[in-house]
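Quick caveat, the model's predicted, so the values are computed rather than measured. Letters go in sequence order (proteins before strands), and every chain restarts at 1.
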Amino acid sequence: MLVAFICNGMGPFGLKVLAENNLSDAFHYQFIAGYYFCGFLLTIPVVMAAGIRPTRKEFLIAATMGACSFAGTLFTAFALERGAPGEIVFPITTGGSLIVVAIAGILLFKEKVAWQGAVGILIGILALVLLSTT
Amino acid sequence: MIAALVCYGMLGVFAKIADNRGCRPRSLYMLLFFWACLFVCGFVVISEHANFVVPAKVYWIALPFGMVAAVAGLAFQTGIHYGKISTSWLIINLSAIVPAVCSIVIYHERLTRRIVVVLLLTGISIYLLWQDKKAEERLEKQAASQNQVNLGN
């Protein structure tokens, strides 16, 4: 999870590099297309080396996840374009999605969270809300 | 805004569903990046008149960051097999602090009091989630040894 934490944080830093090069406004979506394509390129040899043949189930679930990922980005952009302030949009989308996943974890997947976990989730949501209003 | 919230939430829920249904992380993330790329390309074709001729710099910046994102996806999907989605998803979201720290280190942005508080809260949150994982492992060990005692009797 430490690898996921660091790498997942480094990924969006590309948007900052893009913005520093004054390319963000004009080529935002082309960058995201390139970003996903490069991720796809990296995973092809990994899958081939392991001799994995994707199943229909993986194909469908990945399509749903890809659609959720893209739609999430698009709806956030639409909300901002329609004048919703960033200090409201970002905390609601990130904090809210965490609550959705935490509730799903407990109700759908019957995960048991100890008091440390529950407090950790609450503090984490608070940290994210603070970060997204920066 | 609510639609974005639901979409991001569903992304986490589907990651756990994929794990429960036995989807392999490598295969799943290769296809996820393929589909996401296809959707964005479709959007560029519709809304920006298929304007893919952009400065090469855009794609050169996308290259390392896209690859790092793929590593993150693989590591996350492998990780949720051994942990809870409710805590793993939080850790993934808390990684938003990483670009903030990188901006301070690389672009010398101002380190505000708010960022320091967020960093502290992130540390505390991750520590508590780690303690939660340890408590869960302790309970599993206790249950296993109890089972052995019961079988012995």
Side-chain angles (χ1 to χ4, degrees), chain A residues 1 3-5 7-14 17-18 23 27 29-40 42-43 46-47 52 54 58 61-66 68-72 75-76 79 89 93 96-97 100-102 104-105 111 114 116-117 119-120 123-124 127 130-131 134, chain B residues 1 3-5 7-14 18 23 26-37 39-41 44 54 58-59 61-63 65-72 75-76 79 84-86 89-92 95-96 98-99 102 114 118 121-122 124-125 128-129 131-132 135:
Chain A
M1 268 301 155
V3 175
F5 175 79
C7 290
N8 194 63
M10 284 306 294
F13 187 59
V17 177
L18 198 72
L23 296 164
F27 309 115
Y29 289 105
Q30 287 86 344
F31 170 80
I32 295 177
Y35 175 89
Y36 283 131
F37 184 69
C38 294
F40 174 58
L42 180 86
T43 46
V46 175
V47 168
I52 295 171
E58 287 167 346
I61 292 180
T64 315
M65 288 172 75
C68 287
S69 173
F70 172 61
F75 286 132
T76 307
V89 173
T93 51
S97 79
V100 168
V101 173
E111 291 178 342
Q116 295 99 323
V119 177
I123 292 177
L130 274 175
L131 182 66
T134 304
Chain B
M1 196 158 49
L5 179 160
C7 287
Y8 285 134
M10 290 312 287
L11 182 62
V13 173
F14 272 104
C23 294
R26 283 175 279 198
S27 175
L28 186 75
Y29 270 79
M30 180 190 74
L31 293 167
L32 189 153
F33 278 101
F34 165 76
W35 278 111
C37 180
F39 290 134
V40 184
C41 286
V44 173
V54 301
V58 173
Y59 295 126
I61 296 171
L63 180 74
F65 292 105
M67 288 188 166
V68 166
V71 175
F76 167 71
K84 299 170 196 163
I85 185 64
S86 42
W89 192 246
L90 175 67
I91 290 177
I92 275 293
S95 70
V98 175
C102 287
R114 187 175 279 206
V118 171
L121 290 176
T122 302
I124 295 168
S125 174
L128 285 169
L129 295 179
Q131 288 297 316
D132 176 69

Taking every heavy-atom pair that is under 4.5 Å apart, which of [options] has the most such pairs with chain A?
| options | result |
| --- | --- |
| B/Phe14, B/Tyr8, B/Tyr59 | B/Tyr8 |
| B/Cys23, B/Ala135, B/Gly79 | B/Cys23 |
| B/Ala75, B/Cys41, B/Ala36, B/Ala18 | B/Ala36 |

Tell me, for [X] versus chain B, whether the close heavy atoms (under 4.5 Å) come from the side chain, the backbone, both or neither.
| X | answer |
| --- | --- |
| A/Ala104 | side chain |
| A/Thr64 | side chain |
| A/Phe70 | side chain |

Report yes if some heavy atom in the side chain of [X] is under 4.5 Å from a heavy atom in the side chain of [Y]; otherwise report no.
| X | Y | answer |
| --- | --- | --- |
| A/Leu42 | B/Val71 | yes |
| B/Phe65 | A/Val17 | yes |
| A/Ile52 | B/Met30 | no |

Query raised in the report: If you count heavy-atom pairs under 4.5 Å between each of A/Gly34, A/Ser69, A/Gly117 and chain B, which one has the most?
Result: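 Of A/Gly34, A/Ser69, A/Gly117, A/Gly117 has the most heavy-atom pairs under 4.5 Å with chain B.
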
Query - Partner chain B: residue of A/Ala62, A/Gly66, A/Gly105 with the largest heavy-atom pair count (under 4.5 Å) - result: A/Ala62

[Y] backbone acceptor or donor facing [X] side chain under 3.5 Å:
| X | Y | result |
| --- | --- | --- |
| B/Asp132 | A/Ala114 | yes |
| B/Ser125 | B/Leu121 | no |
| A/Thr43 | A/Gly39 | yes |

Query raised in the report: SG of A/Cys68 to CH2 of B/Trp35: how many Å apart, nearest 0.5 Å?
Result: 13.5 Å

Query raised in the report: What part of B/Val58 gets closer than 4.5 Å to chain A, counting heavy atoms only: side chain, backbone, both or neither?
Result: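 Looking at B/Val58, backbone and side chain both touch chain A.
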
